[in-house]
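Only one structure is covered here, and it is reproduced in the block below.
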Amino acid sequence: MKILVTGGTGYIGSHTAVELQNSGYEVIVIDNLCNSNADVIDRVADISGKKPEFEKIDLCDREGLQKFFGKNSDIKAVIHFAALKAVGESVQNPLLYYRNNISGMINLLDEMLKCGVDKIVYSSSCTVYGEADALPVTEDSPIKKAESPYGFTKQAGEQMLFDTARVNDFKSCILRYFNPTGAHDSALIGELPIGVPNNLVPYITQTAAGIRETLTVNGNDYDTPDGTNIRDYIHVTDLAKAHVIALERMLNGKNIEKTEVFNLGTGRGNSVMEVINAFEKVTGLKIKYRIGPRRQGDVVSIYSDTGKANQILGWKAERDLDNMMLTAWKWQKHISEL
Ligand code: NAD
Ligand code: UFG
């Protein structure tokens with residue numbers, strides 16, 4: 001059964017392509033390669049023993065997308081990862097984010113409806129909750145005003161799916177990721193940030209590898225036990241496996257609602273200092289860090305209630321923070337050697 005993975009050469013998409021192929025699905029990837037490299041397809045093949053089909057296509061290119069769907073009438077469902085994802089960049093260049101993430105998704109949904117492809121798994125984010133009033137957040141926690149244009153594009157994507165399902169025979173599974181990190185056990189695929197990383201874990205691994213001199217901890221005066229922000233870090237392989245389960249729920253007609261929403265996290269919150277300490281413990285390395293000012297736009301704390309995903313999807317994150325740090329470090333060493 002052929003599954004289209006948009007953004008499939010990216011970080012989470014490539015890990016999901018592996019899990020899909022390991023579960024027997026035929027994978028076809030489209031990506032415009034604005035934040036990834038086509039050789040990821042070979043590495044996915046090295047891991048899973050099968051090479052996914054790949055076409056370089058921009059979701060904003062309507063004609064290209066039309067031709068693609070015309071040629072691939074056997075696509076049964078879509079897993080939609082393709083988007084820009086840097087929160088800070090989205091504040092600086094909002095229209096780039098609105099055009100890419102929202103227009104791209106409109107084009108994709110248009111083609112799916114035209115071609116009778118009626119199932120989609122969508123990459124959303126815990127950013128849709130903003131600064132939550134109560135923790136952990138459940139899927140019913142209020143959706144607050146978006147803190148960034150990026151966050152708004154994720155809220156808009158969710159809304160488009162609810163509205164589309166209301167008037168079409170169309171099913172969606174919205175997955176709200178918390179903080180994906182770590183890499184495949186093989187160290188053949190992982191996160192490849194371009195330029196200076198924004199995210200904590202790639203910054204830690206690049207500091208340990210000597211690429212960055214000092215990690216800045218963005219504030220230690222928050223109202224948390226050690227004063228640093230709390231997040232729910234989740235291993236990318238656990239996350240990837242949840243996509244296969246979400247897809248199969250729709251393929252097997254097990255979904256109760258046309259549009260379903262699930263939090264994907266571990267349910268545990270860890271502070272920035274706890275992440276640094278875990279990295280130092282599992283690698284035996286020391287990270288040079290300094291305490292800096294707060295970063296604009298950071299929520300104080302967020303972590304998930306995973307009860308719905310545990311009970312309804314039958315999915316549970318299996319890997320702990322130590323494993324996330326170990327695999328992220330193995331991947332960093334691998335790319336540093338390339
Ligand atoms: P990524 O940048 O590694 O992968 C996204 C891929 O989409 C890239 O390969 C990029 O080249 C491609 N792409 C972007 N715009 C495109 C377009 N218009 N047409 C075709 N391809 C395009 O990012 P990721 O971390 O794998 O994120 C995947 C999805 O998960 C995104 O939708 C992101 O918003 C969402 N998400 C990510 C995180 C995170 O922390 N990584 C958290 C929550 C949600
Ligand atoms: N942090 C530092 N120093 C750094 C980088 C990050 O102290 O050099 C801190 C941040 O201030 C924050 C924590 O580490 O307190 C986590 O920050 P990340 O940038 O790794 O992750 P975010 O929680 O800000 O956001 C990430 C992705 C978003 C996604 C969101 C929710 O960047 O795209 O998770 O899923 F939407």
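In what follows, residues are counted from 1 in the order of the sequence shown. All ligand and atom numbering here is 1-based and tracks the order in the structure.
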Worksheet entry | Sub-3.5 Å N/O-N/O distance, Lys85 and ligand 1 | yes
Discussion item. Looking at Glu55, I'd like to know if its CD atom is crowded, meaning that more than 12 non-hydrogen atoms belonging to other residues, nucleotides or ligands lie closer than 6.0 Å.
Written reply: yes
Discussion item. List the residues meeting side-chain contact (heavy atoms from CB on, under 4.5 Å) with Leu192, not counting sequence neighbours, and say none if there are none.
Written reply: Trp331, Ile335
Worksheet item: What protein heavy atom sits nearest atom 4 (O) of ligand 1, and how far off is it?
Response: Gly10 CA, 3.4 Å
Worksheet item: Is any side-chain N of the basic residue among Arg295 and Asp298 closer than 4.0 Å to the acidic one's carboxylate O?
Response: yes
Worksheet item: So which protein heavy atom does atom 3 (O) of ligand 1 come closest to, and at what separation?
Response: Tyr11 N, 2.8 Å
Worksheet item: Nearest non-hydrogen atom to atom 11 (O) of ligand 1 belongs to which of Val5, Leu84, Asp31?
Response: Asp31
Discussion item. So, regarding Cys60 and ligand 1 (criterion: nitrogen or oxygen to nitrogen or oxygen, under 3.5 Å), is there a contact or not?
Written reply: no
Worksheet item: What protein heavy atom is closest to atom 26 (O) of ligand 1, reported as residue, atom name and distance in Å?
Response: Ile12 N, 2.8 Å
Practice prompt. Count the heavy atoms belonging to other residues, nucleotides or ligands that lie under 6.0 Å from NZ of Lys71, then report whether that count exceeds 12.
Written response: yes
Worksheet item: Where do Glu260 and Lys119 land on the salt bridge (charged side-chain N to carboxylate O under 4.0 Å, His left out) test, with the steps shown first?
Response: CA-CA 12 Å; Glu260 296 188 317; Lys119 296 172 193 72; over 6 Å; no
Worksheet item: Would one find more than 12 heavy atoms of other residues, nucleotides or ligands at under 6.0 Å from atom NZ of Lys67?
Response: no
Fill in: Contact residues of ligand 2 (heavy atom under 4.0 Å), by chain and number
Lys85, Ser125, Cys126, Thr127, Tyr150, Tyr177, Phe178, Asn179, Asn198, Asn199, Leu200, Tyr203, Leu215, Thr216, Val217, Asn218, Asn229, Arg231, Tyr233, Val272, Arg295, Asp298
Item to complete: Report yes or no: does Asn199 have a heavy atom closer than 4.0 Å to ligand 1?
Response: no
Discussion item. If you count every heavy atom of other residues, nucleotides or ligands that lies below 6.0 Å from Lys286 atom NZ, does the total exceed 12?
Written reply: no
Worksheet item: Do Ser36 and ligand 1 have an N or O pair less than 3.5 Å apart?
Response: yes
Worksheet, complete the sentence: closest protein heavy atom to atom 34 (O) of ligand 1 is Tyr150 OH, 2.7 Å
Practice prompt. State which residues pass side-chain contact (heavy atoms from CB on, under 4.5 Å) with Ala317; sequence neighbours excluded, sorted by chain then number.
Written response: Ile234, Asp238, Thr266, Trp315
Discussion item. Below 4.0 Å, non-hydrogen atoms only: which portion of Thr6 touches ligand 1? Side chain, backbone, both or neither.
Written reply: neither
Worksheet item: Is Asp74 atom CG crowded by more than 12 heavy atoms from other residues, nucleotides or ligands, each under 6.0 Å away?
Response: yes
Practice prompt. Taking the six-membered ring of Tyr222 (Phe, Tyr or Trp), confirm whether the NZ or CZ of Arg294 is under 6.0 Å from its centre and within 45° of its axis.
Written response: yes
Item to complete: Classify the contact between Glu191 and ligand 1 as side chain, backbone, both or neither, using a heavy-atom distance cut-off of under 4.0 Å.
Response: neither
Worksheet item: Got more than 12 heavy atoms from elsewhere within 6.0 Å of CD, Glu248?
Response: yes
Discussion item. Nearest 0.5 Å, please: how far is CD in Glu213 from OG1 in Thr207?
Written reply: 9.5 Å
Discussion item. In this structure, does ligand 1 have an atom that sits under 4.0 Å from one of the heavy atoms of Cys34?
Written reply: yes
Worksheet item: Can a non-hydrogen atom of Ser124 be found less than 4.0 Å from any atom of ligand 1?
Response: yes
Worksheet entry | Subset of ligand 1 atoms that lie under 4.0 Å from at least one heavy atom of Leu33 | 11 (O)
Worksheet item: Are Phe152 and Tyr98 close enough that their ring centres sit under 6.0 Å apart?
Response: yes
Worksheet item: So Asp232 and Arg268, salt bridge (charged side-chain N to carboxylate O under 4.0 Å, His left out) or not? Walk me through it.
Response: CA-CA 6 Å; Asp232 182 344; Arg268 281 184 301 276; over 6 Å; no
Worksheet item: To which protein heavy atom is atom 5 (C) of ligand 1 closest, and what is the distance rounded to 0.1 Å?
Response: Ala83 O, 3.8 Å
Worksheet entry | Protein contact of atom 30 (O) of ligand 1 - nearest heavy atom, named by residue and atom, plus distance | Tyr177 CE1, 3.3 Å
Discussion item. Side chain, backbone, both or neither: which applies to Ile57 and ligand 1 if a contact is any heavy-atom pair less than 4.0 Å apart?
Written reply: backbone
Worksheet item: Purely on distance, is any nitrogen or oxygen of Phe178 under 3.5 Å from one on ligand 1?
Response: no
Worksheet item: Touching ligand 1 at all, Arg176? Heavy atoms, strictly under 4.0 Å?
Response: no
Practice prompt. Answer yes or no: does an N/O atom from Phe81 fall short of 3.5 Å to an N/O atom of ligand 1?
Written response: yes
Worksheet item: For the side-chain contact (heavy atoms from CB on, under 4.5 Å) test, which of His80, Met250, Lys171 pairs with Val121?
Response: Met250
Worksheet item: In the protein, what heavy atom is nearest to atom 22 (C) of ligand 1, and what distance, to one decimal place, separates them?
Response: Asn32 OD1, 3.1 Å
Fill in: Contacts of Tyr177 that satisfy ring-ring contact (aromatic ring centres under 6.0 Å, His included) - sequence neighbours left out
His243
Discussion item. Regarding Asp42 and Lys51, does a basic nitrogen lie under 4.0 Å from an acidic carboxylate oxygen?
Written reply: yes
Worksheet item: Taking only heavy atoms of Gly7, which atoms of ligand 1 are found under 4.0 Å from at least one of them?
Response: 6 (C), 7 (O)
Worksheet item: What protein heavy atom is closest to atom 18 (N) of ligand 1, reported as residue, atom name and distance in Å?
Response: Asn100 OD1, 2.8 Å
Discussion item. With a 4.0 Å cut-off on N to O distance, would you call Lys330 and Asp185 a salt bridge?
Written reply: no
Discussion item. Suppose I only count heavy atoms of Ser123 and a 4.0 Å limit; which atoms of ligand 1 are within that range?
Written reply: 29 (C), 30 (O), 32 (O), 35 (C)
